[in-house]
Amino acid sequence: MSTTPRIGSAIPGAPSEFGTVMSHTPDIITCFGELYAEFWQQGLISQEVKEMTRIRNARITDCGY
Amino acid sequence: MIDMPGCWDSSLSLFGIEGESFMEALALRPALQTKYAAFLDAIESSDTVPERVFLLCRARITQIHGQQAQGISAEDASALQSQQLETLSLSEQTALAAAEKIPYQHHLLEDEEVEAIKLAFGEAGCVSLLTALAFFDVACRLNATMTGGTS
């Protein structure tokens, strides 16, 4: 695991994080944002349950988010 | 366009319905299906990563999950399975080194390996490839989860 960003920000002056790195591929980050919003804002599963499972998944995979 | 649902073998049943693919199951959520397909299309449309690299990586990740690799020749499938990669190009080998670790060893991906990907495909290509690898893995996991198949 790296402790420093491996890919620089695509946005000058902005720190390297998920959104600014993904901005190297504008089409992908745009579509991802639309998909992620649909997933979170719609559907039969409550946001609380989604967030609980997201956190559990992040912990299992040792993800800091 | 890559036949992305290759990881979801349409011959496998989903929710106990024989022959229904995951993408078909997503028809239950049309907006989600449309946006998921658009997202996959955006990845596949990368002009920085050759389609063959995507196909090889998808096939290898599929193999790691114990599922049937599709979209590549029998020779390539055998080479991937046995890890005899000498016949592949250096950039293909570089991408496959990352693909090998994504499903179960993602924290073992080294800085040097990511640097090699950036050298081979550029920063945008690196983002495209790593995103694709992650979602090839997701596809296999969904397939296994929904069909009760191997993962």
Side-chain angles (χ1 to χ4, degrees), chain A, chain B residues 1 4 23 25-26 28-49 54 98 101-135 137-139 141-142 145:
Chain A
M1 184 190 310
S2 181
T3 55
T4 56
R6 291 164 163 166
I7 305 173
S9 166
I11 300 172
S16 200
E17 44 86 15
F18 181 81
T20 61
V21 169
M22 290 295 292
S23 293
H24 283 289
T25 53
D27 290 347
I28 294 177
I29 187 61
T30 297
C31 289
F32 179 80
E34 292 172 356
L35 172 65
Y36 212 51
E38 177 69 27
F39 170 78
W40 278 98
Q41 294 170 8
Q42 306 296 330
L44 299 174
I45 308 298
S46 70
Q47 290 195 10
E48 288 80 4
V49 170
K50 290 176 185 174
E51 177 64 4
M52 182 176 63
T53 55
R54 185 198 68 75
I55 291 173
R56 181 61 180 150
N57 184 291
R59 290 187 175 178
I60 289 172
T61 54
D62 201 15
C63 170
Y65 279 96
Chain B
M1 173 178 165
M4 189 73 176
M23 291 299 276
L26 265 183
L28 295 169
R29 290 283 311 277
L32 193 62
Q33 182 189 46
T34 299
K35 289 172 181 175
Y36 187 67
F39 172 64
L40 298 183
D41 280 346
I43 295 173
E44 296 165 18
S45 300
S46 166
D47 54 5
T48 51
V49 180
F54 283 139
K101 294 182 176 178
I102 288 295
Y104 297 110
Q105 308 172 75
H106 51 283
H107 285 308
L108 299 182
L109 192 62
E110 302 288 347
D111 290 348
E112 294 74 17
E113 292 173 305
V114 176
E115 278 302 312
I117 294 172
K118 286 160 63 176
L119 279 173
F121 305 107
E123 284 203 313
C126 184
V127 172
S128 295
L129 180 64
L130 293 177
T131 304
L133 297 183
F135 278 86
D137 186 49
V138 165
R141 289 175 185 275
L142 280 170
T145 301

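None of the values given here were measured: they were computed from a predicted structure. Throughout, protein chains are lettered first and strands after them, A, B, ... in sequence-line order, and every chain is numbered starting at 1.
Contacts between B/T131 and chain A at a heavy-atom distance below 4.5 Å involve the side chain alone, from C-beta outward. Residue A/S23: no heavy atom, backbone or side chain, is found under 4.5 Å from chain B.
A/T25 OG1 to B/I43 CD1: the interatomic distance, rounded to the nearest 0.5 Å, is 8.5 Å. Separation of atoms CZ (A/F32) and CG (B/L40) is listed at 12.0 Å; rounding is to 0.5 Å. To the nearest 0.5 angstrom, A/D27 atom CG is 11.5 Å from B/F39 atom CZ.
When side chains are defined from C-beta on, A/I7 counts as touching B/L130, because their heavy atoms get closer than 4.5 Å. In this structure, A/I28 and B/S128 have side chains that are in contact, with non-hydrogen atoms separated by less than 4.5 Å.
Between the side chain of A/E38 and the backbone N or O of B/A31 there is no donor-acceptor pair closer than 3.5 Å. Of the possible polar contacts, one joining the B/H107 side chain to the A/T61 backbone as a donor-acceptor pair under 3.5 Å is found. Put simply, the side chain of B/K118 gets close to the backbone of A/R6: a donor and an acceptor are under 3.5 Å apart.
A pairwise comparison of heavy atoms in A/M22 and B/V127 identifies SD-CG1, 3.7 Å as the closest pair. Of all heavy-atom pairs spanning A/C31 and B/A38, the tightest one is SG-O, 3.7 Å.
The environment of A/I55 atom CD1 is dense: over 12 non-hydrogen atoms of other residues, nucleotides or ligands sit within 6.0 angstrom.
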